[in-house]
Amino acid sequence: MTDIASNAELETPARDIRVVKMRGFGIGERSTVPISIATALVILIAWWAASEAQLVPHLFLPTPKEVFDAALSFWRDGYANATMWEHVSASLIRILSAGAIAIALGVPVGLFMGLSRWAKGVFDTPIEFYWPLPPLAYLPLMIIWLGIGEASKITLLTMAMFAPVAIAAQAGVRSVSLERVNAALSLGANRFQLMRDVVLPSALPEILTGTRIALGVGWSTLVAAELIAATQGIGHFVMSASQFLATDFVFVGIGVIAVCAFAFSFGMRLLERWLVPWKGQS
Amino acid sequence: MLRVDKASVWFGARDGKPVHALDRVSLDIPDGAFVVALGTSGCGKSTLLNAMAGFLPLSSGSITLNGHAVEGPGAERGVVFQKDALLPWKTVAENVALGLKFAGRGRKERRERAIELLRLVGLQEFAGSAPYELSGGMRQRVGIARALAPDPAILLMDEPFGALDSMTREAMQELLVDVWARTGKQIFFITHSIEEALFLGTELIVMSPRPGRIVARFDLDFINRFSRDRDARAVKTAPEFTELRERVRAIVHQDEVYGRAAE
Ligand SMILES: Nc1ncnc2c1ncn2[C@@H]1O[C@H](COP(=O)(O)OP(=O)(O)O)[C@@H](O)[C@H]1O
Ligand SMILES: [Mg+2]
């Protein structure tokens, strides 16, 4: 018995070892960031070349330098009687307050819809009806009902953001395993404890995914919301720049929105990692 | 004492023909008893356990625990599942203390009791770990500790060691014998391993499928012999053990043949 072990080469492995792993599928683990950066550079160069060579009329496509100058002037002097920060913060406040309301309403409604046949029957009708509509379609109603102040803007955004949160929370409840629920019940949980300690945390990953989608929807609805007699806001900035055919400023506005939306999405990913570290771990 | 009286279960099936999963099963589990249910897959073992736990209503018959009818899940009946249903967002100690939290106990008491129970299953060092950091056998031990926390009258276990490798499984069997001996709980334990059934129980029921029935009962004493001598190997190789094993095997095997012929 001991012979077998002693005959085996138990000494240190050879120096030139070749580390292996299972052949993969899809994109694997190697980072895609360098590829993405290279793609961005190529697009930038193509843009610069196309605008410098006057391939398209200057009005349609400003040069990168003009856009950069516009950004600088927006940063320094503001635009349309407001500083850049005032525009951005006005929009951020709208999106964040609408998002907070959408989460505060959407999570309980969605959980309730996942648990009760009546709640699902009642809420399904309005949500399924209005959710596919483009916000621009019911924008006039918002103005007529709520006027041209902040209320109508935030309501419009809230409505657009509510549905994805509610639908995700409902799906989250559905995904809770019966075994987990049974385990909690046989440990003596009442309905409230079951919700707080089992259902809500189980549904949390899907609620966070829904929130991420809602924030994306929020940014894409923002321009529509700020069509309503806004004096500040990054969506308003883009709209008014386009009325003056200031394409370079339109580009700047789009860039600012993109940066904000990206930052939100990044923040959500961090939040997810912090709140649901167990995701994918059974 | 848990009493099952002429319990029948019919499941609705997709093809419209109801499945007779349990046919007038009667069973008494006296205080301190360790009853093991053995049978091939599909003979209604889980159905019986789910009814005892209160997860499943009966088509007819009744289940009572100390004279009170079972009408839903409750803390007086602890359940250990085949696949642990631990909550991944809570630490091992918090999982164990979950039943105490539901009962409204204070933080300090929960903590102390959780450590005590983790010590019982030999996992006190892992109190602060996440469940997904543990091996399958360790998770199952956490599941046992968690089920014991609210101090239930009976422990219901549905193939708790079914997913474990044979070495871990034998260690878990010995651990469970100790838990039983120390806590004096009634245990209802499901397995499809004949050896496990004989080793663990004070009483064995053998079930047969289509419809699920109890076809044989045996009183067992190997568990007490192990508690005394601490020698699992001697118990499992004793002539009485191997002889009974073959008898039970014959019954289970016969079922299997009948079961197939009936399909
Ligand atoms: N939810 C269900 N719906 C329909 N039939 C079921 C359901 N659960 C179990 N059965 C049927 O009842 C019988 C007994 O199942 P089960 O109690 O799970 O067996 P065991 O645990 O002994 O393997 C099987 O024939 C199974 O197909
Ligand atoms: Mg089963």
Side-chain angles (χ1 to χ4, degrees), chain A residues 1 5 103 107-108 110-111 114-117 168-169 171-212 268-282, chain B residues 46 49-50 52-56 65 70-91 94-105 110 129-136 139 142-158:
Chain A
M1 261 173 85
I103 291 169
V107 171
L111 293 179
L115 293 170
S116 146
R117 192 172 65 99
V173 174
R174 294 262 174 92
S175 72
V176 182
S177 76
L178 183 60
E179 204 156 81
R180 222 175 240 178
V181 171
N182 277 342
L185 290 176
S186 67
L187 288 168
N190 60 30
R191 286 196 78 79
F192 169 74
Q193 290 166 332
L194 185 67
M195 282 301 291
R196 185 194 58 194
D197 288 319
V198 179
V199 176
L200 185 60
S202 296
L204 197 55
E206 307 205 21
I207 291 174
L208 287 174
T209 306
T211 306
R212 221 157 107 185
M268 282 304 297
R269 235 176 288 176
L270 288 184
L271 196 65
E272 210 160 79
R273 208 174 299 166
W274 178 60
L275 281 177
V276 286
W278 67 86
K279 196 173 176 181
Q281 309 253 17
S282 95
Chain B
S46 297
L49 184 137
N50 287 336
M52 288 175 174
F55 303 149
L56 177 74
L65 178 65
V70 167
E71 269 157 5
E76 69 288 351
R77 281 155 289 132
V79 183
V80 180
F81 298 85
Q82 170 162 20
K83 200 183 157 294
D84 70 89
L86 301 177
L87 304 179
W89 53 88
K90 289 188 184 289
T91 65
E94 285 167 348
N95 266 287
V96 171
L98 203 56
L100 299 170
K101 189 177 181 198
F102 293 154
R105 301 296 169 75
R110 298 203 305 252
S129 304
Y132 49 81
E133 292 167 336
L134 306 186
S135 71
R139 289 223 287 259
V142 178
I144 293 172
R146 182 178 71 169
L148 286 170
D151 200 22
I154 185 168
L155 215 51
L156 307 170
M157 310 179 78
D158 191 351

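Below, chains carry the letters A, B, ... as their sequence lines are ordered, and counting in each starts from 1.
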J.: Is there a donor-acceptor contact under 3.5 Å from the side chain of A:E179 to the main chain of B:A85?
T.: no
J.: Got a list of side-chain donor-acceptor pairs under 3.5 Å for residues 195-203 of chain A, not counting sequence neighbours?
T.:
residue : atom : partner : partner atom : Å
A:D197  : OD1  : B:K101  : NZ           : 3.0
A:S202  : OG   : A:R180  : NH1          : 3.2
A:S202  : OG   : A:V198  : O            : 2.7

J.: Quick one: which residues of residues 182-189 of chain A reach chain B at under 4.5 angstrom, heavy atoms only?
T.: A:N182, A:A183, A:A184, A:L185, A:S186, A:L187, A:G188, A:A189
J.: Which atoms of B:L100 come close to chain A, meaning under 4.5 Å heavy atom to heavy atom: side chain ones, backbone ones, both, or neither?
T.: neither
J.: Which distance, rounded to the nearest 0.5 Å, do you find between the CG of A:L275 and the CH2 of B:W89?
T.: 13.0 Å
J.: My understanding is that only residues two or more places apart in sequence, or in another chain, count here; which of them pass side chain to side chain donor-acceptor pair (under 3.5 Å) with A:R212?
T.: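 If we apply the side chain to side chain donor-acceptor pair (under 3.5 Å) test to A:R212, skipping adjacent residues, there are no hits.
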J.: List the residues meeting side chain to side chain donor-acceptor pair (under 3.5 Å) with B:S129, not counting sequence neighbours, and say none if there are none.
T.: none
J.: When only pairs under 4.5 Å are counted, which of B:G99, B:A147, B:A149, B:G54 shares the most heavy-atom pairs with chain A?
T.: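 Heavy-atom pairs under 4.5 Å are most numerous for B:G99.
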